[in-house]
**Q** 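Structure provided below as structure tokens; questions to follow.
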Amino acid sequence: MADSPVQSLGFAGLDTPLRVANPAVVRPLLDPVMAAWPFTVTENDPPASAAFATISPAETGKWRLEAPLAAKPVTEYDPVNAICDLVVEMSWERLRSRPDLLCLHAAALTFNDRLVIFPNARRAGKSLLSATLAQRGHAVFSDDFVPLQITPQTGAISGIANGIAPRLRLPLPDNLSATMHSWIMDRIAVRNKQYGYLTDIDLPQSGTTAPVGAIVVLEGDPAMTEPASLTPVTQEEAMASLVTQNFGRQVHAGAILRVAEALTRTVPVLRLRYNSVEDAAALLHETPLLRDLPAAQMAEADMSATLPLAPLDLPDVVVDRPVDLDCHFAKLPDFTALEAGTALYLADGDGFAIHRLNPVSAIIWTLLDEGLTGAEMVEVLQGLYVEISQEQLRSDVAGALAFLWQQRLIAPS
């Protein structure tokens with residue numbers, strides 16, 4: 001196919017195309033990264049407004065990425081870093097095209113016919129772990145962001161493959177074996193000094209689905225001397241991990257809470273502590289804990305809350321006066337409240353925020369059902385926290401009520 005000055009690439013599942021200028025230069029680097037994400041090519045020069053992004057070589061030798069809806073609409077980086085930014089924008093375009101999807105910052109790989117999700121943790125090495133598991137034959141659905149979908153008829157929760165090659169930070173760690181180091185570097189097809197994309201692995205085609213079967217929270221510990229270990233995680237810890245890794249704000253916050261609760265209730269949640277990523281991969285590959293996994297499932301009663309919610313332009317609630325502790329407050333309708341261990345999560349009825357309440361605020365939320373005034377709540381708390389002064393408790397109750405009011409969870413009654 002003869003190269004044209006501009007190509008329009010229509011990726012499967014995206015509503016709008018990617019515009020590629022000078023494809024003879026861009027495509028040799030872009031195509032290996034998107035090896036398993038099918039796209040169609042149109043040889044034309046579409047207006048930039050018709051594409052979610054335009055990528056093109058710049059005169060400086062860098063590549064220019066124009067993405068009108070990105071936080072930085074125009075950037076110029078070296079070619080590999082420009083592709084990194086493009087991958088991020090493609091993840092957002094997927095969510096704009098499928099607003100019903102919930103998306104997690106996480107890696108996801110198959111173990112038999114189930115998907116194991118590894119939520120993002122700073123410097124935990126999920127991409128390198130993905131590579132070492134790929135070397136053992138596990139298919140890589142994603143090393144960075146995992147879209148989740150709910151099957152309306154059954155409530156099954158499944159992950160969706162991205163079709164994007166995993167990105168590894170370079171140089172690779174010194175504690176990798178020579179064999180693993182060579183295996184990875186032989187498959188780095190696109191790289192610069194910072195990053196390399198791993199190709200020639202089992203990378204399912206974008207859009208492939210698999211039921212979620214387990215969640216593994218990563219805890220890399222360079223000082224650890226004992227063998228890698230897998231231990232159960234409480235639902236409270238698991239919920240905190242999943243909720244903080246969610247992105248995709250067209251999904252109602254109540255739905256996000258319910259999906260996270262269903263995941264942490266219906267599939268095993270484990271913590272992986274390790275120093276050596278190869279030891280960790282060996283443990284994951286061999287452990288019976290990741291065999292014969294269940295499939296994550298929503299409860300029928302929660303299904304109505306998984307519908308997408310279009311963004312609303314709501315005015316801010318401004319609490320511009322001190323809370324009157326002699327006043328009664330009432331919970332606003334349609335909120336979502338879920339308990340996980342000692343933690344209480346709330347989503348407002350409009351579905352735009354998730355809040356994890358501290359212990360005092362959680363008690364105040366419960367006391368609202370008793371029809372107490374703020375002053376009466378202070379008296380109840382004084383009996384529970386005898387070591388705290390009444391003045392401090394009055395301040396805490398007023399602050400909690402103001403916060404809940406500001407977040408559209410309560411209002412003066």
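Computed from a prediction, not measured in an experiment: that's the story for all the values here. Quick note: numbers below take in every heavy atom, side chains included, and nothing from hydrogens, waters or symmetry partners.
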**Q** Exactly one of F335, Y345, F329 should register a ring pair (Phe, Tyr, Trp, His ring centres under 6.0 Å) with W365. Which one does?
**A**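 The ring pair (Phe, Tyr, Trp, His ring centres under 6.0 Å) with W365 is passed solely by F335 among F335, Y345, F329.
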**Q** Would the Y77 and W63 ring centres measure less than 6.0 Å apart?
**A**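 Ring-ring flag for Y77/W63: false, centres at least 6.0 Å apart.
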**Q** Measure the CZ-CD distance between R167 and Q194 for me, rounded to the nearest 0.5 Å.
**A**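 Nearest 0.5 Å value for the CZ-CD distance: 8.5 Å.
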**Q** Without hydrogens or angle criteria, can the side chains of S142 and N162 be said to hold a donor-acceptor pair below 3.5 Å?
**A**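 Short answer, yes.
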**Q** For V140 and L203, which heavy atoms make the closest approach, and how far apart are they?
**A**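 In this case the closest contact between V140 and L203 is O-CD1, 3.4 Å.
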**Q** Would you indicate whether E391, at its atom CD, is surrounded by more than 12 heavy atoms from other residues, nucleotides or ligands within a distance under 6.0 Å?
**A**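 Count not over threshold, so no.
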**Q** Taking atom types as modelled, is there a side-chain donor on R19 or Q7 under 3.5 Å from an acceptor on the other?
**A**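 The answer is no; no qualifying pair exists.
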**Q** Assess the side chains of T209 and Q149: does a donor N or O sit below 3.5 Å from an acceptor N or O?
**A**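 No.
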**Q** Does a donor on one side chain sit under 3.5 Å from an acceptor on the other, for T264 and Q235?
**A**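 Indeed, the side chains of T264 and Q235 share at least one donor-acceptor pair under 3.5 Å.
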**Q** Could you tell me whether D369 and K331 make a salt bridge, using a distance below 4.0 angstrom between a side-chain N and a carboxylate O?
**A**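 Here D369 pairs with K331 in a salt bridge, since their nearest N and O are under 4.0 Å apart.
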**Q** Let me confirm one number: the CG-OG1 distance from D202 to T110, rounded to the nearest 0.5 Å.
**A**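 Taking CG in D202 and OG1 in T110, the distance rounds to 6.5 Å.
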**Q** Would the distance check show the side chain of R114 and the main-chain N or O of P294 forming a donor-acceptor pair, the cut-off being under 3.5 Å?
**A**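 Side chain of R114 to backbone of P294, a donor-acceptor pair under 3.5 Å: yes, one is there.
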**Q** Hydrogens and angles aside, do S130 and D143 bring a side-chain donor and acceptor to less than 3.5 Å of each other?
**A**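 No, no side-chain donor-acceptor pair sits under 3.5 Å.
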**Q** Testing L230, L109, L289 for side chain to side chain contact (heavy atoms under 4.5 Å, CB included) with V216, which one passes?
**A**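 So, applying the side chain to side chain contact (heavy atoms under 4.5 Å, CB included) to V216 and each of L230, L109, L289, only L230 qualifies.
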**Q** Do you know which two heavy atoms are closest between G213 and V267, and how far apart they sit?
**A**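 Minimum heavy-atom separation between G213 and V267: O-CB, 3.3 Å.
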**Q** Keeping S97 on the side-chain end and D15 on the backbone end, is there a donor-acceptor pair under 3.5 Å?
**A**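 Yes.
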**Q** For V243 and A260, which heavy atoms make the closest approach, and how far apart are they?
**A**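 Smallest interatomic distance, heavy atoms only, reads CG2-CB, 4.2 Å.
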**Q** Is it true that a side-chain atom of T154 and a backbone atom of A156 form a donor plus acceptor pair closer than 3.5 Å?
**A**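 Checking the backbone N and O of A156 against the side chain of T154, a donor-acceptor pair under 3.5 Å is found.
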**Q** Can you confirm whether or not the ring centre of F145 sits under 6.0 Å from the ring centre of W92?
**A**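 Distance test on ring centres: not under 6.0 Å, no.
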**Q** Is E76 salt-bridged to K62, cutoff N-O under 4.0 Å?
**A**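 No, E76 and K62 are not salt-bridged.
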**Q** A36 and P204: which non-hydrogen atoms are nearest, and at how many Å?
**A**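 Scanning both residues completely, I find the closest heavy atoms to be CB-O, 3.6 Å.
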**Q** Check whether any side-chain N or O of S361 sits under 3.5 Å from a backbone N or O of N358 as a donor-acceptor pair, and report yes or no.
**A**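 Between the backbone of N358 and the side chain of S361 there is no qualifying donor-acceptor contact (under 3.5 Å).
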**Q** Taking all heavy atoms of R408 and all of D348, pick out the closest pair and write down the distance.
**A**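 Shortest heavy-atom separation between R408 and D348 comes out as O-CB, 3.9 Å.
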**Q** Under 3.5 Å, side chain of Q382 to main-chain N/O of L393, donor-acceptor pair present?
**A**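 Such a contact is absent between Q382 side chain and L393 backbone.
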**Q** Mind checking ring-ring contact (aromatic ring centres under 6.0 Å, His included) for H355 and listing every partner two or more places apart, or none if nothing turns up?
**A**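 H355 satisfies ring-ring contact (aromatic ring centres under 6.0 Å, His included) with F403 only.
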**Q** I'd like to know if the side chain of E286 reaches the main chain of L283, judged simply by a donor and an acceptor atom lying under 3.5 Å from each other, with no hydrogens or angles considered.
**A**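 Between the backbone of L283 and the side chain of E286 there is no qualifying donor-acceptor contact (under 3.5 Å).
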**Q** Using 4.0 Å as the upper bound for N to carboxylate O, is an ion pair formed by R356 and E236?
**A**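 Looking at E236 and R356, the cut-off is met.
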**Q** Given F118, which partner from the list L104, V217, L133 fulfils the side chain to side chain contact (heavy atoms under 4.5 Å, CB included) test?
**A**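 Going through the options one by one, the only one that passes is L133.
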**Q** Distance check, rounded to the nearest 0.5 Å: I364 atom CD1 versus L381 atom CG?
**A**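 Here the rounded value is 5.5 Å.
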**Q** If you measure only the distance, is there a donor-acceptor pair under 3.5 Å linking the side chains of D78 and N192?
**A**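 Per modelled atom types, D78 and N192 side chains form a pair under 3.5 Å.
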**Q** Going through the checks in order, is the side-chain hydrogen bond (donor to acceptor under 3.5 Å, both in side chains) test met by T234 and E237?
**A** CA-CA 5 Å; T234 66; E237 292 176 277; 3.1 Å; yes
**Q** For R394, is there an ion pair with E379 - N to carboxylate O distance below 4.0 angstrom?
**A**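 So E379 does not pair with R394 through a salt bridge.
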**Q** Donor-acceptor pair, T208 side chain versus A161 backbone, under 3.5 Å?
**A**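 Checking the backbone N and O of A161 against the side chain of T208, no donor-acceptor pair under 3.5 Å is found.
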**Q** Hey, what do you get for CD (E278) to NE2 (H181), rounding to the nearest 0.5 Å?
**A**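 Rounded to the nearest 0.5 Å, the CD-NE2 separation comes to 11.0 Å.
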**Q** Decide, yes or no, whether a salt bridge links K126 with D144 under the criterion of side-chain N to carboxylate O below 4.0 Å.
**A**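 Salt bridge present between K126 and D144.
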**Q** Quick one: does D221's side chain have a donor or acceptor within less than 3.5 Å of a partner on N275's backbone?
**A**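 Not a single qualifying donor-acceptor pair exists.
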**Q** If you round to the nearest 0.5 Å, how far is NE2 of H328 from CG of L368?
**A**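 These two atoms lie 10.5 Å from each other.
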**Q** Of the non-hydrogen atoms in W183 and A131, which two are nearest, and what is the gap between them?
**A**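 Minimum heavy-atom separation between W183 and A131: CZ3-O, 3.7 Å.
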**Q** Looking at L129, is its backbone amide N or carbonyl O close enough to the side chain of T132 to form a donor-acceptor pair, meaning the two atoms are under 3.5 Å apart?
**A**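 Flag set: sc T132 to bb L129 pair under 3.5 Å.
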